[in-house]
Amino acid sequence: MATIEYVPSESIEDEVVLAQFTHARLNTGKDAADAIRFNYYGSKNTENAREKNKRILVAETDSMQYVGYNHGEKAPPSTYMSKFFVGILDKKTGKMQVRDAQYFLMRPQINRPEEETESQDKKELSFIEKSDKLTEAFSSTKKKRAVQARQRNKLSKDELDQALGSAVHGIELEPQVSTSHETVNEDNGIYLPYDKDAMRPEEVYKLDDLISPTHIEMLQGPCQKLIGVEKEELEKWRSTSEYPGYILDHIEFLRNKTENQEKKAACLLYLHYLIILFQCKTKDLRTKIPFPADIPEDVRMTLLRSFTAIASTPSMTTRHQSVRLMPARLKDKLLSFIVLIALHIDEFQLFMNTLFNDLKIGLHKFLSHFRNIGCKIQSRRPLIASEGEGVTRLATLPLPLKLPEKPAGKRRK
């Protein structure tokens, strides 16, 4: 008689290791098994409950190295949302033991030959490099500063390859949106496809067009701090303005177990990143954008590619300097994303006051943006207004969708 028995693991050391290779299936032949070598690494910090379970699996061949993680941004999203088991069947007795398992997604990493590294170390200096070294050692302060300025603005081959690689990677990851029943109208400030014949508000501007489902999965881990926050910690966040007021107001409702709780928390965290980018000044864009440390790298790069642009400006030297900018068109696109994600979070019944205070923009532009995407705005003034209490505005998206017509321009005589 076949039976199944679950054998719980006393520690992570007793769990079975599962490895899946991304670029191809592992050859399990006799020669291949001898050619690949596995190493399993764990954290030395056994006292910290979060650190002690971190593991890294490394598989090596003569020409390739594969690395997998069960933690952090490099781990697959399913690691945070799933638990893995392995069944071991004894064919003689018909009994199966089910054991806990650790899952690793093995990604290839190309090893650099040692000969190439040694040849680079022994590379001879060019005439200009030799001249620069002589200038730094014996010339005047003015000439030394000129050499340092030129070296700072020098674009190395590695930096150029990295920039080209990021551009190609961005092209490969660019989602393809079907526009068979959808329209894009940038004249009214709408930079997203919309379905004017939709039967429900959430189908007019689809959430998947605003936030990639892959990014929702990536944010499942970082958003847990919003779900499990204590009341005292939430009050501390309010006093230090850790998050915008709109985000803090909605975190309170996440403490109660609700349907799609984790998805709503991920949307709030993504909205937090968008508001940070929207509030950035020009100097912040040219230095370092103050994203939180827990933002996944793929999410950060997608936001920068979607809402900022790289421009080349003249510099003091012969080379041009690349700087990051946010043109007015991209800033309006970013505002569209913020407004529409907030509408989705509030199920298209959005009280606008708190979000308006967070964005710090003019009221006319704020209200116009809602009207441009087809929203109806209702203003409510209290009968007996207390101190600091003003008009409350509610935005809804009525159907069928009606967008304002662009006024015709005057013709020149």
Side-chain angles (χ1 to χ4, degrees), residues 2 4-114 165 168-169 172-173 212-224 262 266 294-301:
I4 297 177
E5 178 188 6
Y6 172 60
V7 182
S9 302
E10 296 181 0
S11 66
I12 194 174
E13 304 294 341
D14 302 330
E15 296 184 3
V16 181
V17 177
L18 293 177
Q20 178 185 358
F21 292 79
T22 56
H23 87 299
R25 186 175 181 179
L26 181 64
N27 187 355
T28 56
K30 182 178 178 182
D31 297 336
D34 297 334
I36 190 166
R37 302 172 295 278
F38 286 91
N39 293 303
Y40 195 41
Y41 301 95
S43 175
K44 293 183 179 180
N45 189 354
T46 57
E47 297 179 357
N48 190 317
R50 184 174 292 182
E51 293 287 332
K52 69 179 183 181
N53 292 329
K54 291 184 176 181
R55 294 293 184 270
I56 300 175
L57 180 64
V58 179
E60 293 180 306
T61 64
D62 294 336
S63 60
M64 188 74 72
Q65 183 182 67
Y66 304 85
V67 182
Y69 300 81
N70 71 342
H71 64 279
E73 299 174 4
K74 297 181 179 180
S78 57
T79 304
Y80 299 103
M81 300 179 289
S82 306
K83 187 168 178 63
F84 297 91
F85 301 92
V86 171
I88 304 173
L89 177 64
D90 189 337
K91 294 184 178 180
K92 295 181 179 180
T93 61
K95 295 182 180 180
M96 175 180 285
Q97 287 187 349
V98 179
R99 295 181 177 272
D100 298 310
Q102 285 288 325
Y103 171 69
F104 296 88
L105 185 63
M106 308 298 291
R107 296 184 173 92
Q109 293 184 353
I110 300 176
N111 295 328
R112 292 184 61 189
E114 295 181 1
V168 173
H169 181 65
E172 292 174 350
L173 294 179
S212 167
T214 305
H215 291 165
I216 291 288
E217 290 187 8
M218 288 182 179
L219 294 174
Q220 295 296 319
C223 77
Q224 294 300 318
E262 291 189 348
D294 61 355
I295 181 172
E297 180 63 18
D298 190 60
V299 175
R300 187 182 72 86
M301 293 304 300

How far does CD of Gln65 sit from CZ of Arg37, to the nearest 0.5 angstrom? 10.0 Å
Just to verify, what does Tyr6 make a side-chain hydrogen bond (donor to acceptor under 3.5 Å, both in side chains) with, not counting sequence neighbours? Asp100
Spatial distance of atom CG (Leu57) from atom CE (Met106) [nearest 0.5 Å]: 4.0 Å
Heavy atoms, side chains only, cut-off 4.5 Å: are Pro296 and Leu219 in contact? yes
Distance check, rounded to the nearest 0.5 Å: Gln97 atom CD versus Leu89 atom CG? 10.5 Å
If you compare all heavy atoms of Phe21 against all heavy atoms of Ile36, which two are closest, and at what distance to 0.1 Å? CZ-CD1, 4.2 Å
Please check: side-chain N/O of Gln220 versus main-chain N/O of Ile216, any donor-acceptor pairing under 3.5 Å? yes
Which residues share a salt bridge (charged side-chain N to carboxylate O under 4.0 Å, His left out) with Asp14, sequence neighbours left out: none
Going from NZ on Lys52 to OG on Ser11, what distance comes out if it is rounded to the nearest 0.5 angstrom? 9.0 Å
Could you report the tightest heavy-atom contact between Phe38 and Ala59, atom names first, then the distance? CE2-CB, 3.5 Å
Gln102: what forms a side-chain hydrogen bond (donor to acceptor under 3.5 Å, both in side chains) with it, not counting sequence neighbours? Glu15, Asn70
Contacts of Glu10 that satisfy side-chain hydrogen bond (donor to acceptor under 3.5 Å, both in side chains) - sequence neighbours left out: none
Residues two or more places apart in sequence or in another chain: which of them pass salt bridge (charged side-chain N to carboxylate O under 4.0 Å, His left out) with Arg300? Glu297
All salt bridge (charged side-chain N to carboxylate O under 4.0 Å, His left out) counterparts of Arg55, not counting sequence neighbours: Glu13
Are Tyr40 and Phe104 packed together at the side-chain level, in the sense that at least one heavy-atom pair is separated by less than 4.5 angstrom? yes
